[in-house]
Asker: 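Sharing a structure, written as structure tokens. Questions coming.
Only this structure's heavy atoms are used, side chains among them; waters, hydrogens and symmetry mates stay out.
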Amino acid sequence: MRYRTYKLLAAVATLLLTLVADCSLLQAQTLQIDSSTANWIEGFADFVRWEGEENSEMITIGVIGAPEVASYLERRALSRTSTPRIKVAILSPHDSFRGVDILYIGGSQQKHWETIFAKCKGNQTLSISSQDGFVEAGGCVEFVVRRNRLRFYIASEHAKACDVTISSKLLELAIEPKAR
């Protein structure tokens, strides 16, 4: 009887260790994606221009619903030595986007997309997300993972509607949304 109990306990312990290891691996992968996402968002600041503005000294990047990405961006902003400098603002869909140049929208925000897109158009704000269907719904840039690499779709017509010009160099790197 004791042998069965020990065997059962060993099996449960093995199962728990496997679950913990899987969770750690998943968390590490998520942190890597958040870091890559923050790097790409920062990179966009160098290849985007806003109507009526020449060489901005400061760009504000707003973040909705993605605290990890905001944290990485804040660290990048502190270490950034080139212009434009970056300021990070943590927002909600109900906030004003006045003065926000780039807005990253995290998960669970689909119900607010229409409101977010309208505010982006009214404030010359480039909208970016990793949510499936973001570009088709009216967003400007959608990050996707292809062959274990972070790539992106760009809807230049949506960016133009927000009075944002995206560099031809960045447009060349984009993949076509229909390639899903």
Side-chain angles (χ1 to χ4, degrees), residues 27-93 95-107 109 113 116-117 119-131 134-135 138-177 179:
Q27 184 179 14
Q29 188 175 15
T30 300
L31 292 175
Q32 183 178 6
I33 290 171
D34 291 340
S35 174
S36 296
T37 299
N39 289 338
W40 274 100
I41 294 168
E42 179 190 7
F44 269 69
D46 296 323
F47 294 96
V48 175
R49 298 290 170 255
W50 290 264
E51 184 121 353
E53 291 185 31
E54 298 295 322
N55 300 333
S56 296
E57 293 291 316
M58 176 72 74
I59 288 182
T60 300
I61 300 174
V63 180
I64 296 175
E68 300 84 11
V69 172
S71 177
Y72 279 108
L73 281 168
E74 287 171 339
R75 281 186 248 154
R76 300 284 302 160
L78 290 173
S79 65
R80 187 174 171 101
T81 57
S82 62
T83 55
R85 304 286 295 170
I86 293 174
K87 179 176 127 185
V88 179
I90 298 172
L91 303 170
S92 84
D95 291 333
S96 166
F97 298 167
R98 186 180 178 122
V100 176
D101 300 297
I102 297 174
L103 180 68
Y104 179 76
I105 301 102
Q109 299 298 320
W113 281 359
I116 290 169
F117 298 149
K119 288 181 181 183
C120 287
K121 285 180 185 173
N123 289 292
Q124 295 185 319
T125 303
L126 179 75
S127 59
I128 302 174
S129 184
S130 300
Q131 296 298 299
F134 185 74
V135 163
C140 299
V141 178
E142 181 180 330
F143 291 139
V144 294
V145 176
R146 292 288 180 262
R147 296 184 184 149
N148 293 326
R149 295 178 63 194
L150 190 62
R151 303 293 307 272
F152 54 91
Y153 305 134
I154 294 178
S156 19
E157 67 278 7
H158 297 159
K160 285 178 189 169
C162 295
D163 294 326
V164 176
T165 303
I166 298 174
S167 160
S168 60
K169 292 177 185 178
L170 201 56
L171 290 171
E172 287 175 17
L173 292 173
I175 58 176
E176 292 294 321

Asker: One pair to check against side-chain contact (heavy atoms from CB on, under 4.5 Å): Ile154 and Leu171. What are the steps and the verdict?
Answerer: CA-CA 7 Å; Ile154 294 178; Leu171 290 171; 3.7 Å; yes
Asker: With rounding to the nearest 0.5 Å, note down the distance linking CZ in Phe44 to CD1 in Ile128.
Answerer: 5.0 Å
Asker: Do Val141 and Tyr153 come close enough that some side-chain heavy atom pair is under 4.5 Å?
Answerer: no
Asker: Drop me the distance from Cys162's SG to Glu51's CD, to the nearest 0.5 angstrom.
Answerer: 11.5 Å
Asker: Tell me which one of Asn39, Val88, Ile61, Ile41 satisfies side-chain contact (heavy atoms from CB on, under 4.5 Å) with Arg76.
Answerer: Asn39
Asker: Under 3.5 Å, side chain of Glu142 to main-chain N/O of Ser130, donor-acceptor pair present?
Answerer: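 Such a contact is absent between Glu142 side chain and Ser130 backbone.
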Asker: Do Phe152 and Leu150 make a side-chain contact, defined as non-hydrogen atoms from C-beta onward lying under 4.5 Å apart?
Answerer: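 SC-SC contact between Phe152 and Leu150 ruled out.
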Asker: Arg151 side chain to Leu173 main-chain N or O, any donor-acceptor pair under 3.5 Å?
Answerer: yes
Asker: How close do Ser92 and Phe97 get, counting heavy atoms only, and between which atoms?
Answerer: O-CE2, 3.9 Å
Asker: CG of Asp95 to CG of Leu103: how many Å apart, nearest 0.5 Å?
Answerer: 10.0 Å
Asker: Scan residues 81-90 for pairs that pass salt bridge (charged side-chain N to carboxylate O under 4.0 Å, His left out), counting only residues two or more places apart or in two chains.
Answerer: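 Checked against salt bridge (charged side-chain N to carboxylate O under 4.0 Å, His left out) - neighbours excluded - no pair reaches residues 81-90.
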Asker: Taking atom types as modelled, is there a side-chain donor on Ser127 or Tyr104 under 3.5 Å from an acceptor on the other?
Answerer: no
Asker: Quick one: list whatever passes salt bridge (charged side-chain N to carboxylate O under 4.0 Å, His left out) with Arg80, sequence neighbours left out.
Answerer: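 Applying salt bridge (charged side-chain N to carboxylate O under 4.0 Å, His left out) to Arg80 gives Glu42, Asp46.
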Asker: With a 3.5 Å distance limit and no angle check, can you tell me whether Lys119 reaches the backbone of Thr125 through a side-chain donor-acceptor pair?
Answerer: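 Here the side-chain-to-backbone pair does not exist.
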Asker: Give me the atom names and distance for the closest heavy-atom approach of Val135 to Cys140.
Answerer: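 Scanning both residues, the minimum pair turns out to be CG2-O, 4.1 Å.
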Asker: What residues form a side chain to side chain donor-acceptor pair (under 3.5 Å) with Ser71, not counting sequence neighbours?
Answerer: Arg75
Asker: Do Val63 and Ile105 have side chains that get closer than 4.5 Å, going by heavy atoms?
Answerer: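 When only atoms from C-beta onward are counted, Ile105 and Val63 do not touch, as no gap falls below 4.5 Å.
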Asker: Does any N or O in the side chain of Asn123 come within less than 3.5 Å of the main-chain N or O of Cys120, such that one atom is a donor and the other an acceptor?
Answerer: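 Checking the backbone N and O of Cys120 against the side chain of Asn123, no donor-acceptor pair under 3.5 Å is found.
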Asker: So which heavy atom on Lys169 is nearest to which on Phe47, and how close?
Answerer: CD-CE2, 4.2 Å
Asker: Taking all heavy atoms of Ala66 and all of Gly106, pick out the closest pair and write down the distance.
Answerer: CB-CA, 4.0 Å
Asker: Please give me the minimum heavy-atom distance between Met58 and Pro84, naming the atom from each residue.
Answerer: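 Looks like N-CB, 4.3 Å.
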Asker: Any non-hydrogen side-chain atom of Glu74 less than 4.5 Å from a side-chain atom of Val69?
Answerer: no
Asker: State, with a plain yes or no, whether a side-chain heavy atom of Leu126 is found less than 4.5 Å away from one of Ile166.
Answerer: yes
Asker: Can you tell if the side chain of His158 reaches within under 4.5 Å of the side chain of Phe117, non-hydrogen atoms only?
Answerer: no
Asker: Mind telling me whether Trp40 and Phe143 have parallel, tilted or perpendicular rings, with 30° and 60° as the class edges?
Answerer: tilted
Asker: How close do Asp163 and Gln124 get, counting heavy atoms only, and between which atoms?
Answerer: CB-NE2, 3.3 Å
Asker: Between the main-chain N or O of Thr60 and the side-chain N or O of Asp101, is there a donor-acceptor pair closer than 3.5 Å?
Answerer: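 It does hold such a pair.
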